[in-house]
Amino acid sequence: IYARAPNSFAQDVTLTALGKRIGTFREFFDGTSAAEEGSFVPYNPKTGKELDEVRLSSDFYAPLNLQTLFQKAAIKKMSKEEGEDAYVVVFTPEKGSAVTQYISAKTFLPLRVDTITTSDTISMPVTETYSDYRSVDGVMIAFRRVSNSQAMGDTVLKIREAAFDVP
């Protein structure tokens, strides 16, 4: 996963099974346009709601830009996430789908994020949970992320290393 300020990102995924490479997938947003492609998926540019959602999720400084990214933010309730008290905050953008974040009342780090992901004309809920936070150059990063959707089930991402200001 690569990210660059102010709002660009790319994700390259290699799928393996039994130690053999079975496919690849790439998704990107360059600040203006976005697309996905892979060994089993043709090049697919993102438009409309899908592009709006990628634009929101690609903001490098999203936690600092909440007032410009979202029209409204509201603390809805308190909840328990992974045994921790959490604020449930719903962020509503002008375009795209609402984002619900579960923020630790103890550390103020995100524990879970619920969103809607749109692909072509299909929208589906996605839940991401974050854990194993570690400090990298003074920035807390979740080294374990579990993404759950109806289409893919649980996808576990474990970060081995993180670095900033890498060309």
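For the single chain, residues carry numbers from 1 onward in sequence order.
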Which side-chain N or O atoms in residues 62-74 pair as donor and acceptor under 3.5 Å with protein atoms at least two apart or in another chain?
| residue | atom | partner | partner atom | Å |
| --- | --- | --- | --- | --- |
| Asn65 | ND2 | Asp59 | OD1 | 3.1 |
| Asn65 | ND2 | Asp59 | OD2 | 3.3 |
| Thr68 | OG1 | Asn65 | O | 3.0 |

Review point. Do Tyr2 and Ile159 share a hydrophobic cluster, counting only Ile, Leu, Val, Met, Phe, Trp and Tyr and linking them when any side-chain heavy atoms are less than 4.5 Å apart?
Key: no
Check your understanding: CD of Gln101 to OH of Tyr87: how many Å apart, nearest 0.5 Å?
Key -> 14.5 Å
Check your understanding: Going hydrophobic residue to hydrophobic residue with side-chain gaps under 4.5 angstrom, can you get from Leu56 over to Val89?
Key -> yes
Review point. Do the side chains of Leu109 and Tyr130 join up, straight or via other hydrophobic residues, at under 4.5 Å, putting them in one cluster?
Key: yes
Practice item. State, to 0.1 Å, how close Pro45 and Ala35 come at their nearest heavy-atom pair, and which atoms those are. Key: CA-CB, 3.8 Å
Under 3.5 Å, side-chain donor or acceptor atoms of residues 3-24 against the rest of the protein: list the pairs with distances, not counting sequence neighbours.
| residue | atom | partner | partner atom | Å |
| --- | --- | --- | --- | --- |
| Ser8 | OG | Asp30 | O | 3.4 |

Check your understanding: side-chain contact (heavy atoms from CB on, under 4.5 Å) with Arg112: which of Ile103, Val88, Thr127?
Key -> Thr127
Check your understanding: Mind checking whether Val54 and Phe28 sit in one hydrophobic cluster, side chains of I, L, V, M, F, W, Y counted as touching below 4.5 Å?
Key -> no
Check your understanding: Is there a donor-acceptor pair closer than 3.5 Å between any side-chain N or O of Thr115 and the backbone N or O of Thr117?
Key -> no
Point to revise | All pairs passing side chain to side chain donor-acceptor pair (under 3.5 Å) where residues 141-153 contributes a residue, at least two apart | key: Asn148-Asp154
**Study point:** Contact summary for Pro125 and Ile116, nearest pair of heavy atoms
**Key:** CA-CD1, 3.9 Å
Check your understanding: Applying the 4.5 Å side-chain criterion to the ILVMFWY set and letting contacts propagate, would Ile141 and Val113 be lumped into a single cluster?
Key -> no
Exercise for review: Inspect the contact between Glu53 and Lys46 and indicate whether a charged nitrogen and a carboxylate oxygen are less than 4.0 angstrom apart.
Suggested key: no
Check your understanding: If you take all heavy atoms of Glu84 and Ser104, which pair is closest and at what distance?
Key -> OE1-OG, 2.6 Å
**Study point:** Where Ala86 and Leu111 come nearest, the two heavy atoms and their spacing
**Key:** CB-CD1, 4.2 Å
Review point. Could you give the distance from CZ (Phe143) to CZ (Arg160), rounded to the nearest 0.5 Å?
Key: 12.0 Å
Practice item. State the CZ-OG1 distance between Arg55 and Thr32, to the nearest 0.5 angstrom. Key: 8.0 Å
Check your understanding: Going through the checks in order, is the side-chain hydrogen bond (donor to acceptor under 3.5 Å, both in side chains) test met by Glu82 and Ser131?
Key -> CA-CA 9 Å; Glu82 303 295 322; Ser131 60; over 6 Å; no
Practice item. Could you tell me whether the side chain of Tyr102 and the main chain of Thr129 form a donor-acceptor pair under 3.5 Å? Key: no
Check your understanding: Phe29 and Leu51: side chain to side chain contact (heavy atoms under 4.5 Å, CB included), yes or no, with the steps?
Key -> CA-CA 9 Å; Phe29 179 69; Leu51 181 59; 3.9 Å; yes
Review point. Shortest non-hydrogen contact from Phe108 to Ala105?
Key: CZ-O, 3.7 Å
